[in-house]
Undergrad: 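Please see the structure below; I have some questions.
Letters A, B, ... are given to chains in the order of the sequence lines, protein chains preceding strands, and every chain is numbered from 1. Treat the numbers as computed from the prediction; the structure is a model and nothing was measured.
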Amino acid sequence: MTDFISLFDPISIILITIGGILIGLGVHFIPVGGAPAAMAQATGVGTGTVQLAAGAGLTGLISAGFMYSMLGNDGLSNIELVQVMLSGAVGAMIMISVTMFIGQLVYVYCVGVPPVSAKVDKDPITGDIQDIYVSKGTEGHGIPTVSFVSGVIGGLLGGMGGSLIYAILMNAGSPGPIESLLVGPSPATIALAGIFSAGVFYVNAVVASYNIGGTIEGFHDPKFKRVPKAVISCLIASLLCAMIAVPIMGGL
Amino acid sequence: MSTAAGGPAGGGISATNVAILGIVGGLAGIYLSTILNGITETTYFSFFGGIGAILAGVWGADAVRRVCSYGLGTGVPSIGMVALGMGIVAAIFGLALCYVLGIPVVLGPIIAIVVAAIIGFIMGTMANKILSMNIPIMERCMVEIAVAGCLVMIALCVTISGTLVFENSILNTDITILSSVIQTGFIALIFIGGAMIILHPFNACLGPDESQDRTLYVGVEKGGIIMAITGVASLVVIDVIPAMLTIVIGLLIWIIYFKKFINLTKRDAYKVIGTGLLPTEEELQ
């Protein structure tokens, strides 16, 4: 039996907490329209925060896992950790971009609305006038440039956070350096790290989505000012999850 | 997207009774299947795990129903996913801790429940105090949802593997949860499936005419489908006969409760009329 207290590796716990905070931040950047956007009555993609964040985050997890299997079988060095995180970030960014792009095609060519934000008069990036294109009785529609850019940043943060958690859990669960050089991490460790990071990802994504109350357009939305509250909540939630997950990964 | 925003949800069975049903039923399902399997040295009793999962899931669905009737602003599925997110972390912690510390596996579900309740309470308090959601029953419901999610996870794991043992020492090759549920990837299936039992009933039935019995019947019916699917998963893990038992019982529960749900829908609807088939092109002219 292993010494249980020594399994609480503080560095791993802190890094997982940072990963959770990154996920919570990332959710705030993603243009979520919820049910109103599904009827083209609000700016953003027409589904809930959790679905969007989970779609992008889990894709990020897959690309991070791919990179980890290339680099990390003998344990991760710092630069390799950054590479795994970037790989996850790119995966999540591609997924969220594709989602927003296809959604945009549907809004423009099928619903027939111009992509426009109702929260700002001018697009902060392109400077295009927004308010005259907003249909009466709606809160904007489609995904304007600023929301698209914001969504890609959200994918970056969320993907980095998710893959950081995954990589740290894998590191905590991998056997000693000599054994891992010979056989690599066991399939059970990979599966356990994957499902733990999915769990932590969902918890943080939902906490962040409760903070924005359903819909947000991106970093130009007034609701974005609520970010500090989400950072505190995600810190507590992921610290809690990390303190549970790290000793178990280490103990097995 | 505030769903049926408003006051507390009413209903026939009180919250406490449903909670007792869920927690006792869930634990009974888990322990009946593992203890009976252990005594008889077979896996025929694995289906009790599925029944436990249904009872715990119905409790979760009732808690979701109560908290979501205040209107969360993010849609019902979010709370179902957070339930299983908290549940899965707590469930694996509880089961794995027994292996890491070398204590009897029967304590696993109890540890998992306690951990899930702590996580749920902190999440609920945070939602009210830091995120100012101001839902009066948030703390209690988050605890209930987390514990229900955790029980559903463990019960479905037991249905697939027929045991509560998380991992063996190196030389022992008996079926364990780690080798049969987690390593095979079935854990992802029961993650989403378990979330469906908890989040789908209220998501499907919400509205001003929502009634408790109709919503919970959807929960039982959903649980029946998930039980049958876990039975299919357990075909490759345990023997064919116990897996078929799980599938058949799951399908029976699904058929019975789907019929009951249809009857209640007819009861609650103002009028149910058949529209017949769509008219053909010639009939339209």
Undergrad: Tell me, out of Gly48(A), Ala205(A), Ser209(A), who's got the most heavy-atom pairs with chain B below 4.5 Å.
TA: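 Counting heavy-atom pairs under 4.5 Å, the top option is Ser209(A).
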Undergrad: Just wondering, more than 12 heavy atoms not from Phe121(B) lying within 6.0 Å of its CZ?
TA: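 Count not over threshold, so no.
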Undergrad: Among Ile195(A), Val200(A), Ile190(A), which residue has the highest count of heavy-atom pairs closer than 4.5 Å to chain B?
TA: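 Most pairs with chain B among the choices: Ile195(A).
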Undergrad: Output the distance between atom CD1 (Ile232(A)) and atom NZ (Lys129(B)), rounded to the nearest 0.5 Å.
TA: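 So the gap between those two atoms works out to 15.0 Å.
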Undergrad: Relative to chain A, which segment of Leu84(B) carries a heavy atom at a distance below 4.5 Å: side chain, backbone, both, or neither?
TA: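 When you check distances to chain A, no heavy atom of Leu84(B) falls under 4.5 Å.
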Undergrad: State which residues pass ring pair (Phe, Tyr, Trp, His ring centres under 6.0 Å) with Phe196(A); sequence neighbours excluded, sorted by chain then number.
TA: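 Ring pair (Phe, Tyr, Trp, His ring centres under 6.0 Å) check on Phe196(A) returns nothing, list empty.
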Undergrad: Does a side-chain heavy-atom distance below 4.5 Å link Ile244(A) with Ile119(B)?
TA: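 Ile244(A) vs Ile119(B): side chains touch.
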Undergrad: Relative to chain A, which segment of Ile182(B) carries a heavy atom at a distance below 4.5 Å: side chain, backbone, both, or neither?
TA: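 Both parts, backbone and side chain.
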Undergrad: Flag the one option from Gly199(A), Ala198(A), Gly33(A) with the top tally of heavy-atom pairs under 4.5 Å to chain B.
TA: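 Ranked by contacts with chain B, first place is Gly199(A).
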Undergrad: Quick one: are Leu240(A) and Val89(B) in side-chain contact, heavy atoms under 4.5 Å?
TA: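 With C-beta onward as the side chain, the pair stays apart.
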Undergrad: Of the non-hydrogen atoms in Ala96(B) and Ile248(A), which two are nearest, and what is the gap between them?
TA: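 Scanning both residues, the minimum pair turns out to be CB-CG2, 3.6 Å.
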Undergrad: Using non-hydrogen atoms and a 4.5 Å limit, figure out which bit of Ala245(A) sits close to chain B: side chain, backbone, both or neither.
TA: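 No part of it gets close to chain B.
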Undergrad: When rounded to the nearest 0.5 angstrom, what is the spacing between CZ in Phe201(A) and CE in Met81(B)?
TA: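 With rounding to 0.5 Å, CZ (Phe201(A)) is 11.5 Å from CE (Met81(B)).
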Undergrad: Could you look at Val207(A) and say if it's the side chain, the backbone, both or neither that has a heavy atom under 4.5 Å from chain B?
TA: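 It is both, since atoms from each part get that close.
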Undergrad: If you define the side chain from C-beta out and look only at heavy atoms, does anything of Ser233(A) sit under 4.5 Å from Met123(B)?
TA: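 Not touching, per the 4.5 Å side-chain cut-off.
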Undergrad: Would Cys241(A) and Met86(B) count as a side-chain contact (heavy atoms from CB on, under 4.5 Å) here? Give the steps.
TA: CA-CA 8 Å; Cys241(A) 291; Met86(B) 298 185 288; over 6 Å; no
Undergrad: Are more than 12 heavy atoms from other residues, nucleotides or ligands located less than 6.0 Å from atom CD of Glu139(B)?
TA: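 Count over threshold, so yes.
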Undergrad: For the CD1 atom on Ile110(B), are there more than 12 heavy atoms of other groups (residues, nucleotides or ligands in this structure) within a distance under 6.0 Å?
TA: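 Atom CD1 in Ile110(B) is packed in, count exceeds 12.
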Undergrad: Is there side-chain contact between Ile236(A) and Ile130(B), with at least one heavy-atom pair below 4.5 Å?
TA: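 A side-chain contact under 4.5 Å exists here.
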Undergrad: State, with a plain yes or no, whether a side-chain heavy atom of Tyr210(A) is found less than 4.5 Å away from one of Met138(B).
TA: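 Yes, side chains in contact.
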Undergrad: Do the non-hydrogen side-chain atoms of Tyr202(A) and Ser78(B) ever get within less than 4.5 Å of each other?
TA: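 Answer no - side chains too far apart.
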